[in-house]
2 protein chains.
Amino acid sequence: MNDHVHVDPAALTKNQALVFSALSDANGPLTAYAILDELRGDGFKAPLQVYRALEKLIEGGLVHRLESLNAFVACRHPTGCSHQWAAFAICESCGDVKEFSPDKAMDLLKDWAENDGFKLAKTTVELRGQCPACLAT
Amino acid sequence: MNDHVHVDPAALTKNQALVFSALSDANGPLTAYAILDELRGDGFKAPLQVYRALEKLIEGGLVHRLESLNAFVACRHPTGCSHQWAAFAICESCGDVKEFSPDKAMDLLKDWAENDGFKLAKTTVELRGQCPACLAT
DNA sequence: ATGGACATGTTATAGTATTACATCACTGAT
DNA sequence: ATCAGTGATGTAATACTATAACATGTCCAT
């Protein structure tokens, strides 16, 4: 059903919990250094503290990295969904990011990989453009 | 048929031609700074010379940016194909990158965007994993 | 020849990520 | 209880990626 290892949020370490909380509270994606600034009041002093926590959170499927933004978002999906195959629509006007799961498209990409003999570990799918709200204005 | 503006390679400026040539000669993706080092013998001295040329080459569809690598590849397709919708399979063992055009999957992503009212400008699709050659060893 | 558009040169700086090494906290085996 | 091993953390330094700002050059159309 799901080949992804999920982390019990209650099992997060202090730093991981702080980073996850900062991302969850944010409306959109945050860069590592933005997270660092958010958490200076909690004793964070160096980027590595953020990057280390992010690494674990991403492994656990609680956070996604947006490659085209060098930024990070908390996963909004309930624990247990297919985090590995998430896709993102990124509005270039307002910065809003919407996570979705284009299962059919992902299946086709998996098929392509399989037919090519490519062992797929993860996919990055990021759509850039204008969100409906920005188009309306 | 094709809504992409293509550049006549003969119309490239000197710097653009040098950068394109460096990328074409390379077996795989190069970072901007790797390109800079390649071209120091040709008088390149600053990253901006590379980045400016890359910007134009990407606009023209001659070069693609790999977001998950912060690197760049020359497009191997003949001028005229759908560069905007290219996808890449990136081998995490040997670094080899294969460009492909998963039209069906891209159509589904376009459909998703359309149904959501999202005006799609470009897509990033990058598959990470192991290529057949590396799996065989 | 002059003005405008665009390509280029150069320096400095901003933004993103990792290496290296020291310390601490917990757990399990003796 | 002690010790070794593992993993989390702290800290400083550095490497890597990208852009801002400003000066200069080149070419073409008027």
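These numbers come from a predicted model, not from an experiment. Throughout, protein chains are lettered first and strands after them, A, B, ... in sequence-line order, and every chain is numbered starting at 1. What's counted below: heavy atoms across the whole structure, side chains too, no hydrogens, waters or symmetry copies.
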ask   = Side-chain N or O of R65(B) less than 4.0 angstrom from OP1 or OP2 on dA18(D)?
value =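 Looking at the OP1 and OP2 atoms of dA18(D), one of them is under 4.0 Å from a side-chain N or O of R65(B).
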request  = Answer yes or no: does a side-chain N or O of N70(A) lie under 4.0 Å from OP1 or OP2 of dA17(C)?
outcome  =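 N70(A) to dA17(C) OP1/OP2: side-chain N or O found under 4.0 Å.
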Separation of [N] [atom2] from [X] [atom1] (nearest whole Å):
{"X": "D37(A)", "N": "dA14(C)", "atom1": "CG", "atom2": "C1'", "answer": "14 Å"}
{"X": "D42(B)", "N": "dT8(C)", "atom1": "CG", "atom2": "P", "answer": "13 Å"}
{"X": "L54(A)", "N": "dT18(C)", "atom1": "CG", "atom2": "C1'", "answer": "14 Å"}
{"X": "E67(B)", "N": "dT17(D)", "atom1": "CD", "atom2": "P", "answer": "14 Å"}
{"X": "L69(B)", "N": "dA18(D)", "atom1": "CG", "atom2": "C1'", "answer": "16 Å"}
{"X": "L30(B)", "N": "dC16(D)", "atom1": "CG", "atom2": "P", "answer": "15 Å"}

ask   = Are any non-hydrogen side-chain atoms of Q49(A) and L39(A) less than 4.5 angstrom apart?
value =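 The answer is no, as the side chains (C-beta and beyond) never meet within the 4.5 Å cut-off.
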ask   = Heavy-atom distance under 4.5 Å between the side chains of V73(A) and P29(A), does that happen here?
value =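 Yes, their side chains come closer than 4.5 Å.
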Nearest heavy atoms of W85(A) and A121(A), plus distance in Å =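 For W85(A) and A121(A), the tightest heavy-atom pair comes out as CH2-O, 4.4 Å.
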task = May I ask you to verify whether the side chain of Y33(B) and the base of dA15(D) hold a donor-acceptor pair under 3.5 Å?
result =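 Looking at the base of dA15(D), it does not pair with any donor or acceptor on the side chain of Y33(B) (distance under 3.5 Å).
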query = Angle class for the W112(A)/F100(B) ring planes (parallel below 30°, perpendicular above 60°, tilted otherwise)?
reply =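 Answer is parallel, since the angle falls under 30°.
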Face-to-face contact Y51(A) to dT18(C) six-ring, under 5.5 Å, under 30° =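 No, Y51(A) does not stack on the base of dT18(C), since the centre distance and plane angle fail the 5.5 Å and 30° test.
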ask   = Any side-chain donor paired with an acceptor under 3.5 Å for S68(A) and E67(B)?
value =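 No donor-acceptor contact under 3.5 Å links the two side chains.
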ask   = Does the pair R128(B)/E126(B) count as a salt bridge with the N-to-O cut at 4.0 Å?
value =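 Answer for the salt bridge query: no.
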Between the protein and nucleotides 5-12 of chain D, list the N/O to N/O atom pairs that are separated by less than 3.5 angstrom.
| unit_1 | atom_1 | unit_2 | atom_2 | d |
| --- | --- | --- | --- | --- |
| dT9(D) | OP1 | T13(A) | OG1 | 3.0 |
| dT9(D) | OP1 | N15(A) | N | 3.4 |
| dT9(D) | OP2 | T13(A) | OG1 | 3.4 |
| dG10(D) | OP2 | N15(A) | ND2 | 3.0 |
| dG10(D) | OP2 | Q49(A) | NE2 | 2.4 |
| dG10(D) | N7 | R52(A) | NH2 | 2.5 |
| dG10(D) | O6 | R52(A) | NH1 | 3.2 |
| dG10(D) | O6 | R52(A) | NH2 | 3.2 |

